Amino acid sequence: MCGRFSLAYDKETVVEYLIRTFAVDDIDYDLPRYNIAPGQDVPTLIFDGSQYRAGPIKWGFKPFFAAKENSSFQLVNIRSESLGNKPMFDQPLRKGRCLVLADGFYEWNEKKPYRIMLEDQRFFLMPGLWTSYRDDDGASIHTAAIITKPSDGSMRDIHDRMPVMLNHEAGKKWLTVPAYGKTDRLWQLHTRKELHRNRVSDIVNSPENDNEACIKPR
DNA sequence: CCAGACGTTGTT
DNA sequence: GTCTGG
DNA sequence: CCAGACGTTGTT
DNA sequence: GTCTGG
């Protein structure tokens, strides 16, 4: 699962990474973020056919058949095992791939929150699907969900599911190679490295709290 | 055939 | 829209 | 994911 | 308990 995460670097550092790896020179997103929750905008990358683009998308995928204001149908996560055999994901799989930029995600075990990071504590990319609908005013609303897989390695200690974590090479393949991601095997390639885990304060429980205390080890 | 669900997560 | 259940 | 609300009426 | 909001 993945229902909360962080992108706690300052904007300058994130933009420097985006320029270097995706030739994207800005992202319309306020940083740092210590506690990003469903319902809020998440920092994403997409490929528009010729170049990468970075921007915010609302977390909570609303499939086309639920594309009306009154429907509460929305997904925070999509199981990687479901891709390719659920019609609702077919079109997004072809035309709605995205990457969610993060430097850590939160996991609760016995009500205690932990922050999971790469060993080098730098950026990783969570693949997702996005789609759009028009709200009552005719405005286009983009929504996205993050793809999960069965936990591996040390993650199994605290949870049976985890977000797929890609490096930037795999992330580019996800965005640009239509066949990529069609088999479960491919999701396992990029998480060989051990993960770093910090027990953090309960203040992260509330999405209202979005400050450095959320990521501070305790 | 039509009606109704369609997803994920955790918790009991 | 498309699949499943009745 | 967790936290917090969960109802109705009339009046401004 | 269950739904909604962040």
Side-chain angles (χ1 to χ4, degrees), chain A residues 1-8 29-44 56-98 100 102-117 124 126-135 141-151 155-165 181 184 187 195 197-211 213-215 218:
Chain A
M1 52 44 87
C2 179
R4 215 73 79 73
F5 68 96
S6 62
L7 183 55
Y29 199 84
D30 289 333
L31 294 170
R33 289 296 309 277
Y34 302 95
N35 192 5
I36 303 172
Q40 301 178 349
D41 283 343
V42 293
T44 62
I57 298 182
K58 185 181 159 76
W59 191 3
F61 179 97
K62 205 180 266 290
F64 64 91
F65 59 76
K68 16 185 155 49
E69 290 291 283
N70 60 342
S71 173
S72 61
F73 194 105
Q74 56 171 9
L75 294 171
V76 170
N77 296 135
I78 293 169
R79 298 169 74 95
S80 56
E81 303 95 310
S82 298
L83 298 177
N85 52 34
K86 306 278 186 184
M88 71 186 280
F89 301 132
D90 285 354
Q91 196 205 307
L93 202 49
R94 279 182 280 105
K95 295 183 174 170
R97 297 183 180 206
C98 65
V100 178
D103 65 1
F105 64 91
Y106 295 102
E107 198 68 68
W108 280 258
N109 180 263
E110 294 174 345
K111 306 239 181 184
K112 297 189 291 279
Y114 298 83
R115 181 166 178 250
I116 319 294
M117 291 151 287
F124 56 89
M126 300 184 287
L129 296 179
W130 70 279
T131 187
S132 301
Y133 70 93
R134 299 257 171 203
D135 69 12
I141 311 292
H142 305 309
T143 64
I146 291 167
I147 295 170
T148 63
K149 64 171 195 167
S151 284
M155 269 304 294
R156 281 191 289 249
D157 296 349
I158 56 172
H159 215 74
D160 61 343
R161 307 284 308 174
M162 67 183 288
V164 176
M165 302 168 74
D184 290 347
W187 300 117
L195 298 172
R197 180 197 311 162
N198 287 337
R199 174 70 209 283
V200 293
S201 164
D202 288 348
I203 69 158
V204 77
N205 289 5
S206 174
E208 301 243 307
N209 299 322
D210 186 1
N211 53 58
C214 293
I215 66 172
R218 51 152 287 176

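Letters go in sequence order (proteins before strands), and every chain restarts at 1. Quantities reported herein were computed from a predicted structural model and do not represent experimental measurements. Keep in mind that the numbers below use all heavy atoms, side chains included, and drop hydrogens, waters and symmetry copies.
The separation of B:dT11 from E:dG1, taken at their C1' atoms, amounts to 12 Å, rounded to a whole angstrom. For B:dA3 and D:dT12, the P atoms lie 47 Å apart once the distance is rounded to whole Å. Across the C1' atoms, B:dT8 and D:dG7 are found 30 Å apart, a figure rounded to whole Å. Nucleotides D:dT9 and E:dC3 have their P atoms positioned 22 Å apart, rounded to a whole Å. Comparing the P positions of E:dT2 and B:dC6 gives a spacing of 16 Å, expressed to the nearest Å.
In plain terms, the two heavy atoms of A:Asp202 and A:Lys111 that are nearest each other are OD1-O, 4.4 Å.
Regarding contacts with the backbone of E:dC3, every side-chain N or O of A:Ser72 stays at 4.0 angstrom or more from both OP1 and OP2. Listed pair A:Lys86 / B:dG7 meets the phosphate criterion, a side-chain N or O lying under 4.0 Å from OP1 or OP2. For D:dC2, neither phosphate oxygen OP1 nor OP2 lies less than 4.0 angstrom from any side-chain nitrogen or oxygen of A:Arg4. Phosphate contact (OP1/OP2 of B:dT8, side-chain N/O of A:Ser82, threshold under 4.0 Å): present.
Side-chain contact of A:Asp160 with A:Ser151: a donor-acceptor pair under 3.5 Å is absent, judged by distance alone.
Distance A:Phe73 CZ to B:dA5 P: 11 Å, rounded to the nearest Å. Per the geometry, CD belonging to A:Glu208 stands 11 Å off C1' belonging to D:dC2, to the nearest Å. For the pair A:Ile36 CD1 and E:dG5 C1', the interatomic distance rounds to 17 Å; values are reported in whole Å.
The line from CH2 of A:Trp59 to CZ of A:Arg4 is 8.0 Å long, rounded to the nearest 0.5 Å.
Note on A:Glu110 versus A:Arg199: no salt bridge recorded, every NZ/NE/NH1/NH2 to OD/OE distance being 4.0 Å or above. For A:Arg115 and A:Asp103, the salt-bridge test passes: some basic side-chain N is under 4.0 Å from an acidic carboxylate O.
Counting non-hydrogen atoms under 4.0 angstrom, A:Asp160 reaches the backbone sugars and phosphates but no base. In this structure, A:Tyr106 reaches neither bases nor backbone, as no heavy-atom distance under 4.0 Å exists between it and the strands shown. As judged by a 4.0 angstrom heavy-atom cut-off over every strand, A:Pro87 is placed among residues touching the sugar-phosphate backbone only. Using a 4.0 Å heavy-atom cutoff across all strands shown, A:Gln74 reaches at least one base atom of the nucleic acid.
Listed nucleotides E:dG6, B:dG7, D:dC2 differ in distance to A:Trp108; the shortest reach to its side chain belongs to D:dC2.
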